[in-house]
Each structure stands twice: as C-alpha cells, then as structure tokens.
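Every chain is numbered from 1, with letters handed out A, B, ... down the list of sequences.
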Amino acid sequence: MSILENYQDTGGFLHRRDARVKLAVCFALVVCASTGSWYDPPRLGACALLVAALLALGRLSPLVVLRRSLVVLPFLLVPALSAPFLQAEGQGSAWQLVAAVAARSWLAAMTVAVLMAATPYADLLDGASRLGMPRILITLASFLYRYLFVLVEEADRTRLARDLRGGGRGTLRSAAPVAGAMVAALFLRTYERAERIHQCMLARGFEGEARRPAPQALAPGDWAFLAAAAALIAAAFVV
Amino acid sequence: MKGREEERAGRQDQVRVEGLTYAYPDGTPALRGVDLTIARGESVALIGPNGAGKSTLLLHLNGILQGRGDVAVFGVSPSGRGMKTLRRKVGFVFQNPDDQLFLLRVGDDVAFGPQNIGLPAEEVAARVTRALVAVGMGGMAERAPHHLSTGQKKRVALATVLAMDPELLLLDEPSSGLDPRGRRAVIRILAALPLTKLIATHDLELVLELCPRSVLLDAGRVVADGPSRALLSDGALMEAHGLEVPGSMRG
C-alpha cells in the first residue's frame, strides 16, 4: 500500500503553500518541460533546476521522490523499442530523440512526485476542485483513494484465507477457478459495501451533492511563491 | 403553531412501530409484524440471534428501508417529505465504521452531516470539534481514516452522528470488533449521552450496563419486551432464541 502513500510530512515551505497554488505551479512546470522543440537541452536543464528548487523548498528527500518518479519507466519502453525505426528531424539522432522524450517524461513525473510528497491527498483534491475540476471526478478520486485501502486489505485477507487452506498451490488449471471465485467474491462485497456507504450518506442528510466550506484566501506566502514560480517558469520557457 | 406541534410530539412516543413487515428483494421475509414503542429518553437494547432482523428494523427508523405497516418517528413517517427533518434528529451509527467514514480526513467526515443540513461554516467547525472531543478523539481531525485503529474508527463514526445533534441514536453493534479498552470507552461515551437510544447488539453485558429495557427479536418478530434484567436472566427464553444468560448473571 505504500505506493499510495506519497505524502512526506517535513513541514517545509512548500508544504504550507495553498494546494491551488502548488497545482498551478506544477502544471505550468509540466507544460514547460513537455513542450517546445524536441531537442532543447537548455530548457530541460532549467526545468530540472526548478524541480530541484521545489525539492529544496519542501525539504524532501530526493531519493524518495526519485523512486516515486520511476513509475514512468515502463511507459518509456515503447519509444525506446521503436528508436531504431525512428527518423529524427533536424539535429540529433534517433537515440537523442528517445533521450529527450525520457528526460521530459521523467521531469514531469518528478514534478508530480514532488507535488504529492508536499501535499496531502485530500488537500490536492480540494485544490483541484476549487480550480474548476468537475465535482464528479473529485468525488470518484476521493472514493477510489479511500476504499483502495479497504479493498486491498480485504483482498489480502481473502488470499491469506485461501493460502492457509492450501489453495494457493497447484497448476494454473486448478488455481484459476479459485482465483476467479475470489475476484467475484471481492466484487460482490465491494458492491454491497457501496450500498452500505450510500445508506450511511443518506442517514446523514446527503441529498445528491456534498456541500463544502467556502475557499480560504491565499496567504502572502502563497502569492510570493506564485509570483516567483511564474517568473522563473516564464524564464525557462524563453531559454 | 409549530411550537404546539413539537410539544405534542414531545409527549408522544419517539418511536412507534405497528405491524411492520419487510421482505428482502429476493423475497426472504425479514420482519413479520413488528410492534415497538420507545419513549423519550429511554435506552433500549435490541437483542436476538443473527438474522433476526435487528439491523433491518433499525434501517426502517430513518427511512432507508421502507416496509409495510406503520412507522412513526417523532410523530412523522420516515418516508417522503418528513424524511429530511427526521434525518437531522435520528443519528445512525452503522456496524462497520469503514462504511461510515468515507472521506479522506476525519474532520471532513464529521463535518459531512452538518454541512448537508446547511449550517454555516463556523457552526460546522464548532460541532466537529465538540463531537470529536466528546468521543475522546479531539485533535485527530486531520488524520486519515485508514490510519486509525478499529476502536478509533468506531469512535469517529459515533462523532459523525453526534455532530448532527440528534435526539434519537440508533446503534448497530457499537462494541463489535473492539478490545476491552475500546469497548469500555464506547460504553462510557454512550452512558454519558442523554439521548434516546436503540442499540442492536450481541454484547449482553453492554446491555446490562446501558439499557434498562430489552426487546428480543427472532425471525422477524418481537418475542419478548421488558426489563433487561428479567429477560436476560430467563435461561429458557434466552436459549430458545440463540442467546445465553450473561456471565455476570449466572452467579
């Protein structure tokens, strides 16, 4: 489950910033790292410096964030495998093209990893919702995150129950029906749980749309961070 | 006018159920003609074997399930238009706190009910703090529910309902899955609440501590209704309905 727990509570400057500001800055940084002419080492270098600056502002452990960012690796397999067949336009070879794609994806992943390490998930969703993300997506993401933990625990218990009765061994032929039944049972239990959650919500006066408190104003620190980040990212666009 | 209505409701029984029948969607009968009245301030235990219909009966009292027969809570039928006001007054604590706590922060979850009834932000915040302190979870508002123990989750689930300022509390197995300390904490919290309570439970020692009156339900019918001490010490009755005389009464 640790893969879902990204937040590192270091109490850094970045952690204390409003989630809306952090989302906006990180989004701009991702756009900066993934646009422009494909071969642009100065811009990518500038973006890397900005990511490093965010790491420092959050007093985050670079290694932990780095490990999180490696989730992009599998997605780089396709461009890497197709490199021999690519024809790079303009300067540089096909391999340089792959390297540029890799660098851009990795910078984007690093940015997201920093954002998630410095912002509790609930705050991220709050911020995204206040920035205009559709309510239904926020609700889905929130329920998904909350119940993934419950579901994984349930799946673990089911698997343990099977293994303790010696059900985990055997050939694929004998194990597959058991696995199928387990998945079906999990699905049914999840379905029933969803019904019970809905009942719980109704019992507390839910009428189809959750109400939430009015947004808080940005603090001076948020404005300062936003202005500085905007200027630096704009500069990175230009280099 | 409104005041007089409320006054009349105050003298009435808070819960009145007459001839309630209900069958599950697959046709299995769950309740077969249940009669039950509960007066203001009473603390009543709902006991009976598994599958007796205890939870099903509770779900009828705030309109989540609707069977045939007469149900009136605070003089209002929990269906249609009366339901909205009713759900403010009736707090329901479900058996599994993972069903009840569905948001990502404890504080958000406790605030969910008060926000739904449209209270202003300061009032919501005050109620969240008050409810969490009442269950001994003050200062935990920022925690994620999946980081809490079962006992803590149970207490937060209770807080989510207390924040609604209910007048009637429906509790489904409030002590199940708790260690003795967690169970003791829940009993202490419930004993201190001056509300009308209906508690569905298998924990008969808890019944003796919290509920002067018990209603024994089996196969969808009320089999016995009376003082807890008399009911729970009746060995033949208890055994006939899948229960047993609590250890502390066996001498």
Heavy-atom contacts under 4.5 Å, residues 185-204 of chain A to chain B: A:Arg193, A:Arg196, A:Ile197, A:Gln199, A:Cys200, A:Met201, A:Leu202, A:Ala203, A:Arg204

Heaviest contributor of heavy-atom pairs below 4.5 Å to chain A, chosen from B:Leu104, B:Asp99, B:Leu86, B:Leu101, is B:Asp99

Give every donor-acceptor pair under 3.5 Å between a side-chain atom in residues 130-147 of chain B and any protein atom, sequence neighbours left out.
| unit_1 | atom_1 | unit_2 | atom_2 | d |
| --- | --- | --- | --- | --- |
| B:His146 | NE2 | A:Glu5 | OE2 | 3.2 |
| B:His147 | NE2 | A:Glu5 | OE2 | 2.9 |

Sort B:Phe102 into side chain, backbone, both or neither according to what part of it lies under 4.5 angstrom from a heavy atom of chain A. both

Under a 4.5 Å heavy-atom criterion, the part of residues 46-53 of chain B in contact with chain A comprises none

Looking at chain A, which one of B:Leu170, B:Val124, B:Thr160 has the largest number of heavy-atom pairs inside 4.5 Å, strictly under? B:Thr160

Would you mind checking which part of B:Asp109 comes under 4.5 Å of any heavy atom in chain A, side chain (CB onward), backbone (N, CA, C, O), both or neither? both

Quick check on B:Val90 against chain A: is it the side chain, the backbone, both or neither that has a heavy atom closer than 4.5 Å? backbone

In terms of heavy-atom contacts, B:Asp98 and A:Tyr147 come closest through O-OH, 2.7 Å

Would you give me the side-chain donor-acceptor pairs under 3.5 Å for residues 112-123 of chain A, sequence neighbours excluded?
| unit_1 | atom_1 | unit_2 | atom_2 | d |
| --- | --- | --- | --- | --- |
| A:Thr119 | OG1 | A:Lys22 | NZ | 3.2 |
| A:Thr119 | OG1 | A:Leu115 | O | 2.8 |
| A:Asp123 | OD1 | B:Arg105 | NH1 | 2.3 |

